[in-house]
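For reference, the structure is listed below as C-alpha cells.
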Amino acid sequence: MTEQPFEVSPRAVPRALYVATILAGSFLLFLVQPMVARMALPRLGGAPAVWNSAMLVYQALLLGGYAYAHWLGRVRPRMQAVVHGGVLLLAALWLPIGLIAMPLPADAQPAVWVPWLLGLSIGPLFFAVSAQAPLIQRWYSTASGGRDPYALYAASNLGSFAGLIAYPLLVEPLMSLHAQSLLWTAGYALVVLLVASCAMLLPGTARAEHVVATSPRVPWPRYLHWIALAFVPSGLMLATSTYITTDIVAMPLLWVLPLGLYLLSFTIAFASSRDTAEMLTRIAPITILLFGGIMIGGYQEKPYLNAGIALILLFMTAVALHTAMYRARPEPDRLTAFYLAMSIGGALGGVFAGLIAPVVFDWTYEYPLLILAAGALVPQLYLTTGIRRLWMGRWRRVAFGAVIAIALGLFVLRFVGPDDLFGETRQGGAFTVIALVGLIAIGARVPYVVLLASALLLFGGYRSLTLSVEGGARTRSYFGVYTVRDQGRTRELDHGTTVHGVQLTGSDARERTPTTYYAPGSGVGQAMTLLGPLYGPGARVGVVGLGTGTLACYARPGQAWRFYEIDSAIVHIARDSGQFTFLPKCLPDPPIRIGDARISLAAEPSDSLDLLALDAFSSDSVPMHLMTVEAFATYGRVLSRRGLLLVHISNRFLDLEPVVAAAARAGGWQAITLDYAPSSLAIGANRSLWVALSRDPGAPAALRENDPDWRPARATPGFAAWTDDYSTILPLIRGLR
C-alpha cells in the first residue's frame, strides 16, 4: 500500500506556531549560556577567559546542531520529526540542567576544563535545542508549500536576544541558580510540545521534492563567502567581550551585551522589512572608519565611553555583514547548508579570537585585524554621484595615488618627523584628514581599506607594534595582556587599562618600598606592620593575587608566606623576568600556588594562616566567586581563630563594600573599612579601599587603635549576601544608584 500524501494548504499553516517554537527554543538556548557560565564561576574562576571558553563550547555545539539539522533534511519530513523527537527526549535525561559533580584539580585551567565540564553538563541539551532554528524553518517551508522561511530566523535571534537580556536583568536578580534550573526545565518541556505540534503539520509524503534540493547547486566560492561573512562578526564579538569584561567585571550583565547585540544584528538583517537593515548597512563603512581608529587609540580615562563605542562598532559591523549574508542567501531547499556554513564561520571566528589569538599574539591584534577584515567585506555604496564618477572615471588612478600619498605622508610625520609633529593636536588633525578622505573613498573598496589600515596603525597600532618589538615589554596569557612600562624613575605593570603594580627605581631603598594600593598607610600596609604584635615573629601570611610581588617587602625573618596566583605569566613577570625585584630583594622563592585561589585554598589545611590578603582582581574586574558566603567560609577555615582577612575592594565601576559587609554579617565576622587617601609626600601611593575582617574582636581593635580612620564596614539595607547560588551586581553599579 502506498502512503497517501497529507496535503496542507499554505493558508492553513499557522505561521505563529512556528514563530513561537523558534522563539521558545532560541530563548532557552541563550538563557542557558550565562546561567551555566555563572554556575561554573565557583569551580573555574571568574576570569573573562572563562566566558570566552564557554562561548567556544556553545559555538561548537551550535555547529553540531546545524550539521545535524542539515543531515536530517535528507530524510522524509515525518521521519525527521520522529528522529528529532527522539533526540529531544534522549537529551531530557540531562535535566534538570546543572554542572556535573566532577572534582577539579587546584591548578585547573579554564582553557581545558571549561569545554570538558560544559560539554558533559549541557552538551546533549544544547545540541538538541540548537537544531531548532534551521529545522523548524525547513519544516515551515515544507508544510506551507515553499514559502520563504528566512524571516523566521529573525524570530530565532529575537528569542536569543530576549533570553540573554532577561538573564541579567530579571532571572539572575530574582532567582537562585536552583530556581533558574527548574525554570529552564519547564521551558524545555514547553519546547518539546511546540515541536510536536509543528511535526503534526508536516506532510506524510515520500515525494523526493520534500527532501532533495532542486535549485541550482551553490558554488564553493559562495560557501566561502558565507563563512567569511560569519567569521568576522563572531570573532569581533568575542574580542569586544574580552575588552569590556576585562576592565569592569566578569559577570553575565556585561558578558551578554556583545553577544546580545550580535544576535540582534541577525534579527535586523533577516527581517522581512528591509529598511532598517539597508540603512544601517549603508552607514556601516563610515562607522567602521571613524570608530575603528578611536577604539585602537582608546580613551582610557573614559571607560564607559570606550565601551559604548566598542559596542556600537560591533553592532554596526555585524548588521552590515549579516545583511550581506542575507542578500547572498540560497533558495529555501538549501537553507540548512546555508546555516551550516554560517555556523562554521561563527565557530572559526570564535576559535580565532578565543584560542589562536591569545597564543599567537602578545596583544589583542585580533581586534584591529577583524576591524580591517570588516572594512574589506562590508557592502559599500558611493555617498554621492560625483564621488562615484571620480572613482569610476579617468581620474580614479590619480585619486588612488592621492590616497596613498596622504597615508604615506601621515606615516612620515609620525615616524620620521620631530616628536612634536604628532602631539595631541596634530594627531586630531591627522584623524580628521583620514576621516574626510575616507568618506570620499567609501564605495572604492581598495582605497577605503588603505585608509582604514592607516587609521588603525596611526592611532594605536604603531604603539603596540613598538612594544611587541621590545623584548619582554608585553606578555599575553589566557587571562589578559600585561604591559611593563618604564615611567622615569618608576616601572609599572598594566593589565588592560589598570595599573597592576608600580616599583620605584634608582636605589635599593626605593625598590623595597611598597607602592600603589599596598603603601604603608593603606589598609593592608597597616595590617602588615601589626603582624608581630598580633601573631608573634612566626606569623603565617597568605596573599591571593601576586601582582608584581609588592606585598613581599613587608615580610620579616621567621614569618611563613605563601602566594596564590592563577596566571603563571604573572609569576614569570614578578619572579623570573628581572623586571620587578620585590620578590628577589624581599622574599626570594616563596611558595606560590598556581591556580584559582578558591580551589587552592580549599585544599589547604585548617588553621594554617594568621593573615590572608585577598587581592585577586584582574584589571578592574571582580571574580564574583571569591566574594560569596561559601568563599568566605573557606577563608575562615584556613585562618586561625584570631586570624585577619584583608579584602581589597578599590573599583572604578562597582561599590563592593556592601558585598563584603553582607558576607561578614552572614559569616559572623567583624568588618571595618579604611578609605586611604595618600598625602603628596607618599611617593608612589594610590588611593585604596580595604576591608579588614576577623571573627575575633582583637585584630580589628588593634587596627582602629593604630589608625582611628578605620570605620565599621558600610552595609546596604536589604542587600542579600552573595552565595554560589545567588548574586547580583545591579545595585552596586556606580552611577546607577
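Note that the structure is a prediction, hence the values are computed from the model and not measured.
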Margin query: L335 vs H70, test: side chain to side chain contact (heavy atoms under 4.5 Å, CB included). Steps then yes/no.
Written below: CA-CA 8 Å; L335 173 146; H70 178 60; over 6 Å; no

Heavy-atom donor-acceptor pair, [X] side chain to [Y] backbone, under 3.5 Å:
| X | Y | value |
| --- | --- | --- |
| S26 | S160 | no |
| T317 | A374 | no |
| W391 | I440 | yes |
| R222 | R329 | yes |
| T323 | V319 | yes |
| Q380 | G443 | yes |

Item checked: Derivation of the side chain to side chain contact (heavy atoms under 4.5 Å, CB included) call for Y482 and D567 -> CA-CA 11 Å; Y482 307 103; D567 194 352; 2.6 Å; yes

Item checked: Worked check of salt bridge (Lys or Arg N to Asp or Glu O under 4.0 Å) between R575 and E565 -> CA-CA 12 Å; R575 185 185 63 188; E565 174 57 50; over 6 Å; no

Do the side chains of [Y] and [X] get nearer than 4.5 Å, heavy atoms only?
| X | Y | result |
| --- | --- | --- |
| L381 | T281 | no |
| V378 | I288 | yes |
| F361 | L369 | yes |
| M342 | F231 | no |
| V218 | W226 | yes |
| I356 | V359 | no |
| R327 | P379 | yes |
| M316 | I283 | yes |

Atom of [X], atom of [Y] and distance for their closest heavy-atom approach:
| X | Y | answer |
| --- | --- | --- |
| A310 | Y367 | CB-OH, 3.8 Å |
| P233 | L314 | O-CD1, 4.1 Å |
| L348 | I227 | CD1-CG2, 4.2 Å |
| S477 | A569 | CB-CB, 3.9 Å |
| V232 | A373 | CG2-CB, 3.8 Å |
| P447 | V403 | O-CG1, 3.9 Å |

Check: Could you walk me through whether F315 and I268 pass the side chain to side chain contact (heavy atoms under 4.5 Å, CB included) check?
Finding: CA-CA 11 Å; F315 179 67; I268 294 173; 3.4 Å; yes

Margin query: Set out, in order, the CA-CA distance, both residues' side-chain angles and the distance that settles side chain to side chain contact (heavy atoms under 4.5 Å, CB included) for L257 and L311, then state yes or no.
Written below: CA-CA 8 Å; L257 285 177; L311 292 172; 4.3 Å; yes

So [X] and [Y], would you call those rings parallel, tilted or perpendicular, with 30° and 60° as cut-offs?
| X | Y | result |
| --- | --- | --- |
| H322 | Y262 | perpendicular |
| F126 | Y58 | parallel |
| W220 | Y223 | tilted |
| Y66 | Y339 | perpendicular |
| Y365 | W363 | perpendicular |

Checklist line | D486/R491 salt bridge by N-O under 4.0 Å criterion | finding: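 A salt bridge links R491 with D486.
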
Look up atom [atom1] in [X] and atom [atom2] in [Y], then write down how far apart they are to the nearest 0.5 Å.
| X | Y | atom1 | atom2 | value |
| --- | --- | --- | --- | --- |
| M325 | L229 | CE | CG | 5.0 Å |
| Y167 | L31 | OH | CG | 7.5 Å |
| T475 | I570 | OG1 | CD1 | 8.5 Å |
| L264 | L158 | CG | CG | 8.0 Å |
| L370 | L236 | CG | CG | 5.5 Å |
| L340 | L63 | CG | CG | 6.0 Å |

Say whether [X] and [Y], considering side chains only, have a donor N or O and an acceptor N or O under 3.5 Å apart.
| X | Y | value |
| --- | --- | --- |
| S234 | Q59 | yes |
| T483 | D494 | no |
| S577 | H572 | no |
| T364 | E366 | no |

Note to self: Whether R274 engages the ring of Y326 as a cation-pi pair (distance to the six-membered ring centre under 6.0 angstrom, angle to the ring normal within 45°) should be assessed.
What the structure shows: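 Here R274 passes the 6.0 Å and 45° test against Y326.
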
Notebook entry, point to check: What do you reckon, is CZ of R388 surrounded by more than 12 foreign heavy atoms closer than 6.0 Å?
Noted result: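 Not buried by this count: 12 neighbours or fewer within 6.0 Å.
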
